[in-house]
Amino acid sequence: MPSLAELSPDERPRERLLRCGAHALDSAELLALVLGTGRGSGEDALQLATRVLDEAGGVDGLAGSGVEALQSIQGIGPVRAARIRAGFELAWRATPREPLDPPLDPEQTLAEEVARLRGQVPPGERVILA
């Protein structure tokens with residue numbers, strides 16, 4: 001992926017989004033817009049976004065990452081982690097869903113059910129990876 005400086009001003013993510021729509025951007029370009037800026041170490045927003053996606057395991061990995069996991073990625077502090085989580089939460093809320101099948105278990109807390117639906121592990125539960 002080229003750096004932002006290598007792109008002509010008309011081909012930068014923000015300008016392309018305004019001209020062509022969000023669907024025309026790839027995941028790294030969309031994430032670069034969420035991040036806003038790069039790091040002071042010469043890594044621009046697009047380069048940072050590309051690296052974050054690689055380290056997180058792509059969009060699916062990023063979507064499943066909690067704030068603490070996001071902050072473990074170099075260049076992602078609490079503000080950027082919160083922005084990323086907020087973006088995924090908005091997407092989640094905008095996603096139409098079918099009625100729950102099976103219905104909610106009355107013994108399960110709402111937080112546990114939300115975590116299950118999102119594919120996350122509820123607090124206190126452990127996952128063993130083989």
Of all the heavy-atom pairs spanning [X] and [Y], show the shortest one and how long it is.
X     : Y     : result
Leu4  : Pro13 : CD2-CD, 3.5 Å
Leu30 : Ala22 : CD2-O, 4.0 Å
Ala32 : Ala45 : CB-O, 3.6 Å
Gly42 : Gln47 : O-OE1, 3.5 Å

With sequence neighbours left out, write down each residue that passes side chain to side chain donor-acceptor pair (under 3.5 Å) with Arg83, or none if nothing qualifies. none
Partner of Arg80 by side-chain contact (heavy atoms from CB on, under 4.5 Å), out of Val34, Val52, Leu48, Leu31: Leu48
Are [Y] and [X] co-members of a hydrophobic cluster defined by side-chain heavy atoms under 4.5 Å apart?
X     : Y     : answer
Leu33 : Leu18 : yes
Phe88 : Leu53 : yes
Val59 : Ile84 : yes

Taking the side chain as every heavy atom from C-beta outward, state whether Asp44 and Thr37 have any atom pair closer than 4.5 Å. no
So, Glu11 and Arg19, do they make that salt bridge, N to O below 4.0 Å? yes
For Glu89, is there an ion pair with Arg85 - N to carboxylate O distance below 4.0 angstrom? no
Run the side-chain donor-acceptor check on residues 68-76: report pairs under 3.5 Å with partners two or more places apart or on a different chain.
residue : atom : partner : partner atom : Å
Ser72   : OG   : Ala69   : O            : 2.6

Ser41: side-chain contact (heavy atoms from CB on, under 4.5 Å) partners, not counting sequence neighbours: Arg39, Glu43
